[in-house]
Amino acid sequence: MKLDDLKQDWKKEVILTEPSQNLATITYELKKETAKLDREIKFRDFLEISISLLLIPFWGYQLLDPASSLQAIGLWLAIAVGIFIPYNIIKSKQVSASKTNCIRSFLETEYLKAVQQKQLLESIAWWYISPITLCIVLITLGARVDESGMPKINNGLIIYYGCLSVFVFAIYFINQRVANKKFTPLLKKIKQRLAEIND
Amino acid sequence: MHKEFERMLSNNQGRIKYIASRYCQHDEFDDMYQEILLQLWRSFTSFKGHSSRETWLYKVALNTACTFVSKSIKHKKIKEVAPQTTNTDGSLGQESCQADILNNFMNSLNDTDASVLMMYLDGLSSENNAEVIGISANAVRVRIKRIKDAFENQYIGVES
């Protein structure tokens with residue numbers, strides 16, 4: 001048997017496979033699902049960006065009458081963070097790969113995209129968690145300063161910071177887990193395919 | 001456009017199913033198949049006919065299969081109406097045996113060689129094959145020669 005003999009089997013097994021009878025239903029569901037996915041993506045993008053941006057007027061309003069200079073610093077920082085976070089998210093999404101490209105160039109672009117997104121999740125501590133936490137700490141501490149300009153820390157504030165720390169660590173570890181679970185196998189798979197193509 | 005897509009699906013269902021089954025575990029077949037259909041539907045409107053329909057289909061399907069990450073996709077509604085895995089007519093005998101040879105040999109190849117072989121068996125020229133993979137037509141010919149040799153070594157031994 002030669003390899004070319006398999007062409008007949010390929011025809012029998014693959015090309016002449018009976019189509020299912022519900023093609024119209026499949027197409028209808030595909031259309032519906034595509035529209036749903038597009039809506040979900042738009043909503044997710046809107047949510048990621050708008051949460052930060054919509055808070056800027058609020059911080060700006062607070063800045064008109066800050067309780068202390070410590071709080072004013074926190075509010076200015078919050079405005080800067082509100083601009084920087086959406087910028088960073090948009091920047092990381094700029095690489096886009098078309099599925100109609102050849103496999104090699106699709107995989108190369110997809111690799112870059114996955115690396116960028118993995119880095120974004122791995123570095124979430126410095127571009128998302130730390131600045132937001134610092135803003136919250138400065139704003140809340142700044143609201144509790146006495147006449148001497150020193151913040152007064154009470155038990156309520158300590159409990160609040162304790163909860164905040166737990167929350168912040170949870171966000172950090174969830175993102176690290178997603179980065180490893182989602183992107184590590186994907187990157188490995190793409191790298192392996194690219195190596196095979198270049199072989 | 002719906003009718004055109006349905007016609008394309010009808011003519012290529014076997015190919016799509018074969019690609020889906022080749023590039024994933026058995027329990028991931030439905031998700032992979034649905035993801036390929038979804039990507040074909042998404043890019044169907046942008047298909048401008050610069051290449052043949054088969055070349056376009058292979059590009060989209062193989063690119064989707066290459067970057068498929070299981071459990072990330074849950075398209076339940078399509079799952080309900082999408083057909084299950086390939087040939088379930090239970091036909092046995094020599095045909096089935098030859099089909100097993102085809103499947104076994106395909107599974108022994110790496111993903112890229114399997115893609116090249118699929119397109120070769122499907123009658124795509126080396127140039128079209130090269131366009132899908134992103135390598136030169138010569139490199140495709142070398143690969144096909146290597147695959148042929150491997151097949152002959154595996155199934156009929158080295159001829160003297």
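Residue numbers start from 1 in every chain, and the chains themselves are labelled A, B, ... in the order their sequence lines are given, proteins ahead of strands.
There is no contact between Met8(B) and chain A, counting heavy-atom distances below 4.5 Å. Glu110(A) touches chain B through its side chain: at least one heavy atom from C-beta onward sits under 4.5 Å away, while N, CA, C and O do not. For Ser115(B), the part sitting under 4.5 Å from any heavy atom of chain A is the side chain, from C-beta outward, and nothing else. Interface residue Ile190(A): only side-chain heavy atoms are found under 4.5 Å from chain B. Contact annotation for Glu131(B): only backbone heavy atoms (N, CA, C, O) come within less than 4.5 Å of a heavy atom of chain A. Heavy atoms of Tyr120(B) lying under 4.5 Å from chain A belong to its backbone as well as its side chain. Proximity to chain A (any heavy atom under 4.5 Å) is restricted, for Leu117(B), to the side chain, taken from C-beta onward.
A salt bridge links Asp149(B) with Lys145(B); the closest basic N to acidic carboxylate O contact falls under 4.0 Å. Using a cutoff of 4.0 Å between basic side-chain nitrogens and carboxylate oxygens, Glu4(B) and Arg7(B) are not scored as salt-bridged.
Taking the six-membered ring where tryptophan is involved, the planes of Phe105(B) and Phe151(B) are perpendicular, since the angle between them exceeds 60° and thus also 30°.
Between the side chain of Asn12(B) and the backbone N or O of Arg15(B) there is no donor-acceptor pair closer than 3.5 Å. With Ser21(B) contributing its side chain and Tyr18(B) its backbone, the two residues share a donor-acceptor pair below 3.5 Å.
Note on Ile133(B), Val60(B), Val116(B): by heavy-atom pairs under 4.5 Å with chain A, the leading option is Ile133(B).
No side-chain donor from either of Ser136(B) and Asn138(B) sits under 3.5 Å from a side-chain acceptor of the other.
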